[in-house]
Amino acid sequence: MNNPVPCSGVPPDDLLDLIYHYKALLIRQLHLWFAGQEAVIDHLLRRLELAGRIRCDAQRAACNAEWLAKGNPACELAFWCLLDFRDSVEYQLPGTRGVTIAAFTENGEYDLVTILPGHERATSAVVQAQRDALGQQLIVVLQNAGQIQNIHIHPVTAYCVVAADGQTTYYTAAKEAPPCQPPTTAS
């Protein structure tokens, strides 16, 4: 016997907006964004997929806007960092001009810039050229801590290194400094 899943608490438009804004997210990331509503999210994803509004991979681990076949690694990476801010985010949107995600929180504005391995020099140059136009608080999101030494952007609030499983580790702007807490909770 199938029991209907109530969709209250998660407006379908909010879920669809997240997927369309970021083009591709992991389903685990959506579960964390809408914590406690996992069954509702899964139900809505199935309905959106059947309606042709989104596409999910064969393992049902990721979903993306139907027109984007390969996902969006930069946004997926930066979204792990955004999840650390989830409770204080008042407004968030995909960024422009080199910014991957812009987040407005109760602690101020944060610009998240993802730099994929092998793109450190080029992305650093683009972001540094526009540094004055960016927010005061800049977080550089990376796949590994070894990338930090190749980043030439000043000033940087923190470096967020995202492991393959989504675990985030923050480093201060001093490249040799030990890990720190996400900037919104640091003292």
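Taking each heavy atom of A103 and L82 in turn, the nearest pair found is CB-CD1, 3.7 Å. Heavy atoms only, all atoms of each residue included: E76 and L26 are closest at OE1-CD2, 4.1 Å. The two atoms that bring L25 and L18 nearest to each other are CD1-O, 4.0 Å, heavy atoms only. Taking every heavy atom of both residues into account, S124 and E120 meet most closely at OG-O, 2.7 Å. Considering every non-hydrogen atom in both Q128 and H154, the closest pair reads OE1-N, 2.6 Å.
Residue C56 holds its SG atom at 9.5 Å from CZ of R46, rounded to the nearest 0.5 Å. One finds the CD1 atom of I54 at 4.5 Å from the CG atom of L45 (value rounded to the nearest 0.5 Å). Considering CD of Q137 and CG of L112, their distance stands at 11.0 Å, rounded to 0.5 Å. Rounding to the nearest 0.5 Å gives a distance of 8.0 Å between SG of C160 and CZ of F85. With rounding to the nearest 0.5 angstrom, the CD atom of Q130 is 10.5 Å from the CD1 atom of I153. Atom CD of Q147 sits about 10.0 Å away from atom NE2 of H119, to the nearest 0.5 Å.
Between Y159 and Y170, the ring center distance fails the sub-6.0 Å criterion.
Here the rule is side chain to side chain contact (heavy atoms under 4.5 Å, CB included) with Q143, and of L116, T114, V161, I115 only L116 fits it.
L15 places none of its side-chain heavy atoms less than 4.5 Å from the side chain of V40. Using a 4.5 Å heavy-atom threshold, the side chains of V141 and I101 count as separate. Within the 4.5 Å cutoff, the side chain of L77 has no heavy atoms near those of the T100 side chain. In this structure the side chain of Q92 never reaches within 4.5 angstrom of the side chain of F104, judged on heavy atoms. Side-chain contact between V113 and I139: absent, with no pair of heavy atoms (C-beta onward) separated by less than 4.5 Å. Residues L142 and V162 fail the side-chain proximity criterion, which asks for heavy atoms closer than 4.5 Å. Residues W80 and L83 form a side-chain contact, since some pair of their non-hydrogen atoms from C-beta on lies under 4.5 Å apart. E90 places none of its side-chain heavy atoms less than 4.5 Å from the side chain of T105.
Checked by atom type and distance alone, the side chain of R86 pairs as donor or acceptor with a backbone atom of W33 at under 3.5 Å. Between the side chain of R55 and the backbone N or O of E49, no donor-acceptor pair lies under 3.5 Å.
A donor-acceptor pair shorter than 3.5 Å cannot be found between the side chains of E109 and Y91.
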Problem set entry | Audit row: V127, L138, side-chain contact (heavy atoms from CB on, under 4.5 Å) steps and yes/no | CA-CA 10 Å; V127 173; L138 177 67; 4.2 Å; yes
